[in-house]
Amino acid sequence: MILLGKIIQLLAKMIVLLLVVTFEFTVGHPVLFITLIVSFLLTARPLSRYALFIVAVWIFSSVYDISIFISFGVIAGMYFGFKYTSQYLESNIRRFFIYLLFSLSVIHFSVQVPISFWSMFYLGSALLISFIFLVKFLFANYGFLGTKMQSKYTFFR
Amino acid sequence: MKVQSNLRFQHKYQEIIVFAVIFVVFAVGNFLGLTDLFRNLTQRAIQPLLNVEVSLLSQFRNPYESAVLVYTKSEYVAQLESQYAQALTQLAELQQLRSENKELRRMLNTTERSGSQKVIVGVPIVSLASPAVGVGMVDGVELGQMVLVDGILVGTITDVSQHQSKVLLLTQVGEKRVIAQTESGVEGILMGDGKNVLLTQVPRSAEIQEGELVLTSGQEGIQRGVAVGVVRSISSDPADASQTLQISQLISFYEAVLVEIR
């Protein structure tokens, strides 16, 4: 029963990722997708994490029609960069946004996202939503879907 | 503490190894061309979802885009108005050219001239004080030449400059005297009173009918047989030995589009 619940949770996350990435593909940059996948990877258990990673790499590459290696590099780089460089930059939010902006610039030049009013409006809105999401759920005491965060750091440190 | 640190270290490398394995699997799949195949299938599968999202987003964008469209349309209308004004100016120029062209054709068709005779056509410069034509010495205009409108003599050239020539109209009071005669052969001298063309010095004994055509008799610079007008009225003073005929020219130098200089 617990296993079934976990599988359903994993599938729900995958569906959310698919919906978000397809939505973001129509408006511009995948800000929320990266935020979500990194938060899922950070909070998931190992097996779910690898499954989520593979699916995320795959759908990101398919939806944005980019090389599988770029997709892999962006998501893995974001995840490992955020997770294992805390000794250089302690603040979670700063570290997260540095890697996020770096990933977005890579995607921007790989996909040639058109710079228009709407894409820039969405980019700004998504960064704001991402910030609120991170503050409220991921880097606060409790993570997304109520998972307890392992990090002892407070959000703004 | 040390055990915990070792566990974390082990966990980190285990994770890196798994990710490396995933990378190798993707690389092999890419090398074998499987990734492209599966990516195409995935893209085909998610296409309906993309279509739905695009249509939802377009509904959300519509109010904004309508506002932008209204703004751009107003700019477009302003541009069109400007172009319309320019087109009207061009149209007026074209109409002017058309009427000039028509006038030229008519002149060429109706005027009798020898093959070697040069046709000088000029635009009348309408000035009540000093009427002129927009052709001068460079166009071959000479002093004393006839100025005709629709083949009817309206004046003579009295002063020629490089690009402009002054015209003494038959209606004007001036020194130039043109000898003319009626169809019945009665001769007189054309004079102007500032308003009308008069055929003066007509013998009192001559019988002239109103409506008779008046033509030039021919003299230096003035060809014979060029129409001047028709007799409108005859006035005679019993004390005078001659009578004066008022000539109607039917055309006006001031209303002409083009004039011919001969």
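Chain letters run A, B, ... following the sequence lines, proteins first and then strands; every chain starts at 1. Because only heavy atoms are used, hydrogens play no part in the values below, and waters and symmetry mates are left out as well, while side chains stay in.
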- Go through the steps to decide whether B:Gln43 and A:Val63 satisfy the test side-chain contact (heavy atoms from CB on, under 4.5 Å), and finish with yes or no. CA-CA 6 Å; B:Gln43 282 172 346; A:Val63 172; over 6 Å; no
- Chi angles and distances behind the side-chain contact (heavy atoms from CB on, under 4.5 Å) call for A:Phe53, B:Val18: CA-CA 11 Å; A:Phe53 178 77; B:Val18 174; over 6 Å; no
- Message: Could you go through B:Phe26 and A:Phe69, starting from their C-alpha distance and side-chain angles, then the distance that decides it, and tell me whether this counts as ring-ring contact (aromatic ring centres under 6.0 Å, His included)?
- Response: CA-CA 8 Å; B:Phe26 278 135; A:Phe69 299 112; 8.2 Å; no
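If you take OG1 on A:Thr26 and CG on B:Leu56, they are separated by 9.5 Å, rounding to the nearest 0.5 Å. Rounded to the nearest 0.5 angstrom, B:Leu34 CG and A:Ile68 CD1 are separated by 11.0 Å. In this structure, CG in B:Asn30 is found 6.0 Å from OG in A:Ser67, a value given to the nearest 0.5 Å. Summarising the geometry, atom CZ belonging to B:Phe19 is positioned 6.0 Å from atom CG belonging to A:Leu41; distances are rounded to the nearest 0.5 Å.
At a 4.5 Å heavy-atom cutoff, B:Leu41 makes no contact with chain A through either its backbone or its side chain. Only the side chain of A:Phe72 comes within contact range of chain B, with heavy atoms under 4.5 Å apart. With a 4.5 angstrom heavy-atom cutoff, B:Gln47 does not touch chain A via any of its atoms.
Here the shortest heavy-atom pairing between B:Glu15 and A:Tyr50 reads CA-OH, 3.6 Å.
The environment of CZ in A:Phe97 is crowded: more than 12 heavy-atom neighbours from other residues, nucleotides or ligands sit within 6.0 Å. Residue A:Leu47 qualifies as open at atom CG: its count of foreign heavy atoms under 6.0 Å is 12 or below.
By the 4.5 Å heavy-atom criterion applied to side chains, A:Leu19 and B:Leu49 are counted as neighbours. With contacts defined as side-chain heavy-atom distances shorter than 4.5 Å, the pair A:Phe25/B:Glu53 does not qualify. Side-chain atoms of A:Asp65 and B:Arg39, non-hydrogen and from C-beta on, do get closer than 4.5 Å to each other.
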